[in-house]
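Okay, so here's the structure we're looking at.
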Amino acid sequence: MTEETRRDESDTAGTPDDGSMRLSKRMAQLGLCSRREADDYIERGWVRVDGVVINVLGSRVKPDQQISLDKPAQQAQANRVTILLNKPVGFVSGQAERGYKPASTLVTLDNHWDGDLSGVRFHPQHMRGLAPAGRLDIDSVGLLILTQDGRIAKTLIGEDSTVDKEYLVRVAGSLSNDGLRLLNHGLELDGEKLKPAIVTWQNKDQLRFILREGKKRQIRRMCELVGLRVVGLKRIRIGNVRLGQLPPGKWRYLASNEHFE
């Protein structure tokens, strides 16, 4: 059971039937921060409800109440960084596994792309709490987002995320007669129908996928269902942010004028 699931269950267990919810959950819903960050801000006394400081964890609010962050919380958010990494093959997105290193180990001063135009200077503090917002399989390459900002993580991987991701996928095999139609809409994975996708031929052996969901090894499994085998997969875009000219194994900061939505 995940931490979010435990929190959601605690929200509904024995709660008053007045439409209220935990303050931290409401803050996350409003996109002010993640729930973990909300708990931290509440404990520090950086959160106001209808102008009154609330510093007790588990406090509840109604949907029509006004929630605001004090300047220290706003400054803490402003200091958080988001990193774009061109992940090579052989690195896992999250924690180390089966002897493979996490992609975050590539975020070093030596690997900082000299074409970074963000103006942000590297500091070891930027590694604290840096976590992947989404994943790329160990055999896949391309754009991976690492962030300290819970708001960005929620935008990219939250349950209500509408941010699409674009991939170039090199394939082998013979596509079934209605395979392209099924790739666009009509396949199921894990007993669930997949959301509509946009899948087109890029050239004779490469497909372009645009997805708004990210089940485990989704593209590879989709291709297998229509008679294709993936031999190369590269993510080139997440929302409005593109991989661009970022070289493999290099990283850069998300600039202040860049937004995923």
Just so I know, are the side chains of R35 and K25 near enough to count as touching, which here means a heavy-atom distance under 4.5 Å? yes
Nonpolar side-chain network containing L57, other nodes, edges under 4.5 Å: L23, M27, L30, L32, Y41, I42, W46, V47, V49, I54, V61, I67, L69
Keeping the roles fixed (side chain from D116, backbone from S118), state whether a donor-acceptor pair exists under 3.5 Å. yes
Checking the side chain of D70 only, and the main-chain atoms of P72 only, is there a donor and an acceptor separated by less than 3.5 Å? no
W201, L211: one ILVMFWY side-chain cluster at the under-4.5 Å cut-off? yes
Do side-chain atoms of W251 reach the backbone of T108 as a donor and acceptor pair under 3.5 angstrom? yes
Taking K250's backbone N and O only, do any of them form a donor-acceptor pair with N86's side chain (distance below 3.5 Å, no angle check)? no
Looking at R217 and E224, is there a salt bridge between them, counting it only when a charged N and a carboxylate O are closer than 4.0 Å? no
Do any N or O atoms from the side chain of S93 and from the backbone of L136 form a donor-acceptor pair under 3.5 angstrom? yes
Non-hydrogen atoms of S161 and L156 that approach each other most closely: OG-O, 3.3 Å
L106 to N111 - nearest heavy-atom pair and separation: O-ND2, 2.9 Å
Which residue in the set R220, R235, K87, K234 passes side-chain hydrogen bond (donor to acceptor under 3.5 Å, both in side chains) when paired with S140? R220
In this structure, would I83 and V120 fall into the same cluster of hydrophobic residues linked by side-chain contacts under 4.5 Å? yes
Salt-bridged, D40 to R44, with N to O below 4.0 Å? yes
Do L194 and V230 sit in one hydrophobic cluster, given that two such residues count as connected whenever their side-chain heavy atoms are within less than 4.5 Å of each other, even indirectly? yes
Could you check whether any side-chain heavy atom of L233 comes within less than 4.5 Å of a side-chain heavy atom of Y167, counting everything from C-beta outward? yes
Is there a side-chain contact between L84 and V241 in this structure, where contact means two heavy atoms from C-beta onward sitting under 4.5 Å apart? yes
Charged N-O contact under 4.0 Å between R181 and D178: yes
Spacing of CG belonging to L180 relative to CG belonging to L228, to within rounding of 0.5 Å: 9.5 Å
Does any part of the side chain of I238, heavy atoms only, come nearer than 4.5 Å to the side chain of V163, both counted from C-beta? yes
Could you check whether any side-chain heavy atom of T82 comes within less than 4.5 Å of a side-chain heavy atom of Y253, counting everything from C-beta outward? no
Angle between ring planes, H126 versus F122, binned at 30° and 60°: parallel, tilted or perpendicular? perpendicular
Using atom types as modelled and distance alone, determine if a side-chain donor or acceptor of Q148 lies under 3.5 Å from a backbone N or O of V81. yes
dist R237:CZ -> R242:CZ (nearest 0.5 Å) comes out at 5.5 Å
Other residues, nucleotides and ligands only: do more than 12 of their heavy atoms fall within 6.0 Å of CD on E188? yes
May I ask you to decide if V199's main-chain N or O and N184's side chain share a donor-acceptor pair within less than 3.5 Å? yes
So do the side chains of Q218 and L189 get within less than 4.5 Å of each other, counting heavy atoms only? yes
Donor-acceptor pair, side chain of S24 and main chain of A38, under 3.5 angstrom: no
Donor-acceptor contact present, side-chain H259 to main-chain E261, <3.5 Å: no
When K215, K216, R221 are each screened for side-chain hydrogen bond (donor to acceptor under 3.5 Å, both in side chains) with D190, the one that passes is R221
To the nearest 0.5 Å, what is the distance between CD (E213) and CD (E192)? 8.5 Å
Donor-acceptor pair, side chain of D50 and main chain of Q66, under 3.5 angstrom: yes
Residues K154, E37: salt bridge by 4.0 Å N-O rule: no
W113 side chain reached by P247 side chain, heavy atoms, under 4.5 Å: yes
State plainly whether the residues K62 and D64 are in salt-bridge range, i.e. N to O under 4.0 Å. no
According to a 4.5 Å side-chain heavy-atom criterion applied to Ile, Leu, Val, Met, Phe, Trp and Tyr, with indirect links allowed, do V141 and I236 form part of one hydrophobic cluster? no
With the 4.5 Å side-chain cut-off for hydrophobic clustering, are L182 and M222 part of the same group? yes
Quick check: do L187 and L183 have side-chain heavy atoms less than 4.5 Å from each other? yes
